[in-house]
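What follows is a set of notes on a single structure, which appears directly below.
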Amino acid sequence: RKEVEQDPGPFNVPEGATVAFNCTYSNSASQSFFWYRQDCRKEPKLLMSVYSSGNEDGRFTAQLNRASQYISLLIRDSKLSDSATYLCVVNEGPMNNNAGNMLTFGGGTRLMVKP
Amino acid sequence: NAGVTQTPKFRILKIGQSMTLQCAQDMNHNYMYWYRQDPGMGLKLIYYSVGAGITDKGEVPNGYNVSRSTTEDFPLRLELAAPSQTSVYFCASRLDRGAYGYTFGSGTRLTVV
């Protein structure tokens, strides 16, 4: 079983639509959570961190459900420029072991926003 | 502030050749990482470092070596290049563990023929 799992998609949505992605993680000791965006042939870039209380940045809302071990990303009013692959990223370890030294990436969910 | 700088951006190697991929960061980050990403696939960790003089293997270290003599630099060495090492290589850095995310370099696109 993968540590961080995402639906690979693609999600094909029209401009203006609302779209949501989920991501599940297997390690209950995971401490920190992020969403990254990766455009084709480019490096991943941090979209937002995910906090326990949930957080919003403009059209983007991230939620964390520790009990069910999943993270979600909601994009409202989709733009053509939102077309990209969205990576769910988890810091798996607690602060006092090596697993916390690196982030674990999901395989990504591809979003295509159509005119 | 340049962030994470990778050189070269593109390279074609012949089978059996060697090369070093350079990575430098100017953010005084302690943690540095090398990932590879094959077409249509996810990121795989090759090596990482938690500070100068300390390196550790990731998921796919075979065929690669690293060193971390300074906080700023984390070069990745490919010895005896093979076609299976054709990939995009990303270097990343992070201030510390915990709630800090990665900053990635723009990548090196390597083809081994």
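Fair warning: this is a prediction, and the values are worked out from it, not measured in the lab.
In this structure, chain A has a heavy atom under 4.5 Å from the side chain of B:Tyr35, while its backbone stays farther away. Proximity to chain A is absent for every atom of B:Glu59, based on heavy atoms less than 4.5 angstrom apart. Of the two parts of B:Val88, neither the backbone nor the side chain holds a non-hydrogen atom closer than 4.5 Å to a non-hydrogen atom of chain A.
Applying the ring pair (Phe, Tyr, Trp, His ring centres under 6.0 Å) test to every pair with at least one member in residues 49-82 of chain A, sequence neighbours left out, gives no pairs at all.
Cluster membership for A:Ile71 and A:Ile75, using ILVMFWY side-chain heavy atoms within less than 4.5 angstrom, is shared. A single hydrophobic cluster is seen to contain both B:Val50 and B:Tyr33, as judged by linkage of ILVMFWY side chains at heavy-atom distances under 4.5 Å, directly or through other members. Residues A:Tyr25 and A:Tyr86 share a single hydrophobic cluster, defined by chaining ILVMFWY side chains whose heavy atoms lie under 4.5 Å apart. Note on B:Val66: it clusters hydrophobically with B:Leu13, by side-chain heavy-atom contacts below 4.5 Å among ILVMFWY residues. B:Trp34 and B:Tyr31 are assigned to two separate hydrophobic clusters, defined by single-linkage of ILVMFWY side chains at heavy-atom distances under 4.5 Å.
Against chain B, the residues from residues 34-46 of chain A that qualify, each with a non-hydrogen atom under 4.5 angstrom away, are A:Phe34, A:Tyr36, A:Gln38, A:Arg41, A:Lys42, A:Glu43, A:Pro44 in number order. The stretch residues 105-113 of chain B places B:Gly105, B:Ser106, B:Arg109 near chain A, each with some heavy atom under 4.5 Å from a heavy atom of that chain.
The aromatic rings of B:Phe104 and A:Phe105 lie perpendicular to each other, with more than 60° between the two planes, well past the 30° mark.
At distances below 3.5 Å, at least one donor-acceptor pair connects side-chain atoms of B:Tyr102 with backbone N or O atoms of A:Leu103.
Atom CD1 of B:Ile12 has 12 or fewer neighbouring heavy atoms from other residues, nucleotides or ligands inside a 6.0 Å radius.
Judged as a side chain to side chain contact (heavy atoms under 4.5 Å, CB included), and not counting sequence neighbours, the contacts of B:Ser49 are B:Thr55, B:Arg68, B:Phe74.
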